[in-house]
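Reading through the structure tokens given below for one structure.
Every chain is numbered from 1 and lettered A, B, ... according to where its sequence line falls, protein lines coming before strand lines.
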Amino acid sequence: MESLQSLRGMVDLLPERTPLWQHLEATAREHFRRAAIAEIRTPLLEATELFARGIGEATDVVGKEMYSFTDRGERSCTLRPEGTASVVRAAIQHGLLSQGPQRLWYGGPMFRYERPQAGRQRQFHQIGLELLGVADATSDAEAIAIAWDLLAELGVGGLELEINSLGTPEDRLRYRAELVSWLEAHHDQLDPDSQNRISTNPLRVLDSKNPGTQALLAGAPTLADALAGESHERFAWVRQALEALGIPFVLNPRLVRGLDYYGHTAFEITSNQLGAQATVCGGGRYDGLVEQLGGPPTAAVGWAIGLERLVLLLRQGEAVVAGPAPDLYVISRGEAAACQALLLTRQGRQAGLVVERDASGGAFGKQFKRADRSGAPWAAVIGDDEAAAGVAKLKDLHGEQPERQLPVLQLVALVKESLKAASPQL
RNA sequence: GCGAGCGUCGCCAAGCGGUUAAGGCAGCGGCUUGUGGUGCCGCCAUACGGGGGUUCGAUUCCCCUCGCUCGCCCCA
């Protein structure tokens, strides 16, 4: 038989890696708990229209990166490419917004049909925060602070927070018109990609990586100049709040987010150690989205962290999280002994111990070899004699304590005692 | 969607036109038929991603294809 492989861009997370992921998820959960943010879980599959309306028809994500198909009921369905649209949809659908501001987080897989490369997969994982129904500038800073502190606690160094203001929809419309006419006037000096974007998504020309274009852009009208006075004031408040919190940031007037729903504050947290995909966390304010998806006018701000990229950074810092070693490794030989060993194993587990049982039935020598490799401090040995007597031998694998023979319940209690002595906080 | 590099055992990796296709790690078995961590011995790719071609002969050269990796685009 020909063997099968996972689909392109779909990655298996092997047992060696899962402890690190669990650590990361647990840390994130704890930060959300302390920030009084509740978890929301929404389906992976949504109506295609949700993303078309929410993210924007003209964006790359919607235009060419979605996993869409028609189901048996002739509905166009899409595997979610991001989390915000679903969360907003759920909040509207269940009337959450009439119950006051919603502080929500989510996590899980997202799907985008792209060419895989460093820090980019077709199925990838995000955790994200959405604050719905909060309009004040300090909430923007609060959202950023939660992300910043989480990344800091995980031990990710060398991060940079970049912020910008995209202003109101009117600001952007006005600026867009200015920029387009300027770009058209300089059409011949632009790189081909940027020339195309004049008609598709002119704001994105601003963060072109083409050096010639970047140099040229120095003379282009800036978004900051196009902002109305109120937008300016609002952005000043956000910066002031960040300063008050002691969170360092750099202004990046060229920072333009690729999803249509962003306005006012936009930010990214980047690392120079990630290769081409430098953004670990991206987010901003999206005051118009709820209404656009059929809900009441609702101000909102949020972000998402890419877990694969985070893991990349953590692994560079050698932040290795070891899997758990068992407290007790159970060895047996013979049918009656195996049964007794299983009983001991279960009693140990019921008492809260981590117990691994060797089911090979092989030579004791081999079983001890595996016991040693498991890292367990104790081994319990049951052969025919012990099985007949209803006892087990307890062997100290790390220390020098002599081997003892005792009834299984006492053995479990003894191992528990020894662990308590080793780490009193248990 | 475009560009570049790479594909030899579960992992790392030599071989670069004729080899029994090295070696290391892991795994399995034994020395040690009931006691580990060391050591020693044995086993572990008719097979070099797949398909064509060139050649007396191809893992080694050429073409196609698939996959991986990195970059562009885009984004977390």
Side-chain angles (χ1 to χ4, degrees), chain A residues 2-11 14 16 55 58-66 81-84 107-129 147 151 191-194 196-197 200-201 204 207-210 255-259 262 267-271 274-284 302-313 329 331-334 337 358 360-387 393-398 403:
Chain A
E2 201 177 321
S3 64
L4 269 48
Q5 287 186 30
S6 58
L7 255 17
R8 172 158 230 207
M10 307 283 172
V11 177
L14 270 11
E16 191 186 22
I55 302 171
T59 61
D60 279 25
V61 170
V62 172
K64 49 189 199 193
E65 295 174 2
M66 294 206 300
E82 58 106 50
T84 302
M110 307 293 164
F111 302 84
R112 261 122 97 157
Y113 194 92
E114 299 180 273
R115 233 11 217 281
Q117 65 189 68
R120 201 171 80 184
Q121 298 169 185
R122 289 184 173 180
Q123 176 179 331
F124 62 103
H125 300 80
Q126 291 185 333
I127 51 174
L129 165 72
L151 294 171
D191 62 279
D193 267 344
S194 295
N196 286 332
R197 270 181 251 158
T200 57
N201 202 343
R204 294 222 60 94
D207 55 14
S208 163
K209 281 171 189 153
N210 182 288
L255 174 64
V256 179
R257 315 237 64 240
L259 279 37
Y262 286 113
F267 69 93
E268 286 185 3
I269 299 176
T270 59
S271 164
L274 273 178
Q277 266 61 46
T279 306
V280 208
C281 174
W303 50 253
I305 288 176
L307 294 186
E308 279 79 5
R309 291 181 190 177
L310 189 49
V311 167
L312 241 37
L313 291 174
Y329 192 94
I331 285 169
S332 72
R333 200 162 161 76
D358 196 310
S360 71
F364 276 112
K366 292 294 167 193
Q367 296 195 54
F368 271 103
K369 206 166 268 191
R370 280 190 285 268
D372 187 57
R373 251 173 246 174
S374 77
W378 296 101
V381 190
I382 302 176
D384 293 334
D385 299 344
E386 291 83 1
K393 280 184 174 153
L394 180 64
K395 183 180 169 82
D396 181 4
L397 290 173
H398 294 341
E403 194 169 292

Whole-Å distance between [N] [atom2] and [X] [atom1]?
X: Lys369(A); N: G30(B); atom1: NZ; atom2: C1'; answer: 10 Å
X: Lys366(A); N: A26(B); atom1: NZ; atom2: C1'; answer: 14 Å
X: Asp358(A); N: C28(B); atom1: CG; atom2: C1'; answer: 14 Å
X: Arg333(A); N: U33(B); atom1: CZ; atom2: P; answer: 10 Å
X: Trp303(A); N: A76(B); atom1: CH2; atom2: C1'; answer: 11 Å
X: Arg122(A); N: C68(B); atom1: CZ; atom2: P; answer: 8 Å
X: Met110(A); N: A76(B); atom1: CE; atom2: P; answer: 11 Å

Quiz item: Are Asp358(A) and Ser332(A) side-chain neighbours, meaning at least one heavy-atom pair lies under 4.5 Å?
Solution: no
Practice problem: Tell me which nucleotide among C2(B), U35(B), C73(B) gets nearest to the side chain of Val381(A). | Solution: U35(B)
Quiz item: In terms of side-chain heavy atoms of Gln5(A), which of G67(B), C74(B), C72(B) is nearest?
Solution: G67(B)
Identify whether any heavy atom of [X] sits under 4.0 Å from a base atom; if not, whether one sits that close to sugar-phosphate; answer base, sugar-phosphate or nothing.
X: Gly119(A); result: base
X: Glu403(A); result: base
X: Gly282(A); result: sugar-phosphate
X: Ala304(A); result: sugar-phosphate

Practice problem: Identify whether NZ of Lys or CZ of Arg in Lys395(A) sits under 6.0 Å from the centre of the six-membered ring of Phe368(A) and within 45° of that ring's axis. | Solution: yes
Compare side-chain N and O positions of [X] against OP1 and OP2 of [N] and report whether any pair is under 4.0 Å apart.
X: Gln117(A); N: C70(B); answer: no
X: Arg204(A); N: C75(B); answer: yes
X: Arg370(A); N: C28(B); answer: yes
X: Arg373(A); N: G27(B); answer: yes
X: Arg197(A); N: C74(B); answer: yes

Quiz item: Under the criteria of a ring-centre distance below 5.5 Å and an interplanar angle below 30°, is Phe364(A) stacked with the base of U35(B)?
Solution: no
Practice problem: Answer yes or no as to whether A76(B) has its base stacked against Phe124(A), where stacking requires a ring-centre separation under 5.5 angstrom and planes under 30 degrees apart. | Solution: yes
Quiz item: Using 4.0 Å as the upper bound for N to carboxylate O, is an ion pair formed by Arg122(A) and Glu114(A)?
Solution: no
Quiz item: Do any pairs count as a side-chain hydrogen bond (donor to acceptor under 3.5 Å, both in side chains) and have a residue in residues 372-385 of chain A, sequence neighbours left out, and if so which ones?
Solution: Trp378(A)-Ser418(A)
Self-check item: Pairwise C1' distance, G3(B) and G50(B) [rounded to whole Å]
Solution: 24 Å
Quiz item: When the P atoms of G39(B) and C25(B) are considered, how many whole Å apart are they?
Solution: 9 Å
Self-check item: Stem regions touching RNA chain B, defined by at least 3 consecutive Watson-Crick or wobble G-U pairs below 3.5 angstrom
Solution: B:1-7 with B:66-72, B:10-12 with B:23-25, B:27-31 with B:39-43, B:49-53 with B:61-65
